[in-house]
Engineer: 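One structure follows; several queries about it will come next.
We use all heavy atoms of the structure for the numbers below, so side chains are in, but hydrogens, waters and symmetry mates are not. Just so you know, ligand 1 is whichever comes first in the structure, and atom 1 is the first atom listed for that ligand. Note that this is a predicted model, so its numbers are computed, not measured.
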Amino acid sequence: MTVHERTFDSRDALAVALAARLAQILREAVAARGAASLVVPGGSTPVAVFDHLSRADIPWAKVTVIPCDERWVASDHPDSNEGLIRRHLLRDKADTAQACSLYRQLPSPADALPDIARALGAIPRPFDAVFLGMGEDGHIASLFPGRAETGPALRIDAALDLMVLTAPAKGHPRIGLTLRALTDTRHLFLAVPGAEKRVVLAQAMANIEKGDDRLPLTALLRQDRVPVEILTCI
Ligand SMILES: O=C1O[C@H](COP(=O)(O)O)[C@@H](O)[C@H](O)[C@H]1O
């Protein structure tokens with residue numbers, strides 16, 4: 001387990017710093033390997049980061065952006081993470097980047113899993129950067145506490161990179177990357193904005209010592225495949 005934490009004065013300062021770091025990683029990846037990949041979260045946390053990053057000078061046509069999770073809705077639905085990426089990131093200078101969609105026009109995520117897994121599998125590994133948010137219940141991506149499928153999805157030796165997942169509250173079915181895929185990256189960033197989420201982060205850290213993995217965030221912090229760079233703000 002290697003964790004580095006930096007605290008910023010505001011959400012915008014966090015977003016500016018993270019966008020600058022991601023831009024540098026993507027530029028270096030394209031220069032070194034001719035292409036770059038970036039896994040990103042949904043929700044409210046990434047919006048300001050996307051807005052700053054979309055204005056960065058990067059060879060965007062060589063960059064693939066992958067949602068870490070998706071709700072089973074088309075990309076023009078307000079709840080779609082791909083839609084969020086298209087509205088806030090794949091615009092301005094970034095409008096030539098590719099999005100790897102985790103959605104297909106099929107009735108359920110299970111119907112589309114093999115095709116989406118094939119598309120995800122075509123992206124070179126490790127990813128260049130994975131950027132995650134977290135929920136106030138300690139969920140990361142669509143790995144929620146207390147769901148039957150979360151245990152297998154958190155296994156670092158899981159056979160799968162992608163699973164059909166569910167959220168505790170009523171809502172859209174979901175599909176998302178497993179911990180194995182989320183940690184198969186050169187760089188891993190976790191954004192934890194605000195006091196409430198910092199309390200959950202402290203709890204997840206304390207749970208590492210106790211061997212208590214009930215918060216999926218704990219499993220992310222405990223793994224030793226890739227250091228976790230945490231960005232928090234007051
Ligand atoms: O459901 C989700 O929620 C988390 C956290 O969202 P936020 O609005 O509190 O930032 C997000 O990281 C995840 O990707 C998303 O699908």
Engineer: Can you list the residues that meet the side-chain hydrogen bond (donor to acceptor under 3.5 Å, both in side chains) rule with H187, with sequence neighbours excluded?
Structural biologist: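 In terms of side-chain hydrogen bond (donor to acceptor under 3.5 Å, both in side chains), with neighbours along the sequence ignored, H187 is linked to no residue.
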
Engineer: Which heavy atom of A13 sits nearest to which heavy atom of S10, and what is that distance?
Structural biologist: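 Here A13 and S10 meet closest at N-OG, 3.0 Å.
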
Engineer: Which protein N or O atoms sit under 3.5 Å from any N or O of ligand 1? Give atom names and distances.
Structural biologist:
unit_1, atom_1, unit_2, atom_2, d
ligand 1, 1 (O), R71, NH2, 3.0
ligand 1, 1 (O), H139, NE2, 3.4
ligand 1, 1 (O), R174, NH1, 3.1
ligand 1, 1 (O), R174, NH2, 3.3
ligand 1, 3 (O), H139, NE2, 3.0
ligand 1, 8 (O), S44, N, 2.8
ligand 1, 8 (O), S44, OG, 2.9
ligand 1, 9 (O), K197, NZ, 2.7
ligand 1, 10 (O), S44, N, 3.4
ligand 1, 10 (O), S44, OG, 3.4
ligand 1, 10 (O), T45, N, 3.1
ligand 1, 10 (O), T45, OG1, 2.5
ligand 1, 14 (O), G42, N, 2.9
ligand 1, 14 (O), D69, OD1, 2.9
ligand 1, 16 (O), D69, OD1, 3.2
ligand 1, 16 (O), D69, OD2, 2.6
ligand 1, 16 (O), N81, ND2, 3.3

Engineer: Just checking, any donor-acceptor pair under 3.5 angstrom between side chains of S101 and E82?
Structural biologist: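 Yes, E82 and S101 have a side-chain donor paired with an acceptor closer than 3.5 Å.
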
Engineer: Can you list the residues that meet the side-chain contact (heavy atoms from CB on, under 4.5 Å) rule with Q105, with sequence neighbours excluded?
Structural biologist: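 Q105 satisfies side-chain contact (heavy atoms from CB on, under 4.5 Å) with Y103 once adjacent residues are dropped.
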
Engineer: R33: what forms a salt bridge (Lys or Arg N to Asp or Glu O under 4.0 Å) with it, not counting sequence neighbours?
Structural biologist: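 R33 satisfies salt bridge (Lys or Arg N to Asp or Glu O under 4.0 Å) with D128 once adjacent residues are dropped.
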
Engineer: Taking N207 for its side chain and D213 for its backbone only, find out whether a donor-acceptor pair lies under 3.5 Å.
Structural biologist: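 Not confirmed, N207 side chain does not pair with D213 backbone.
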
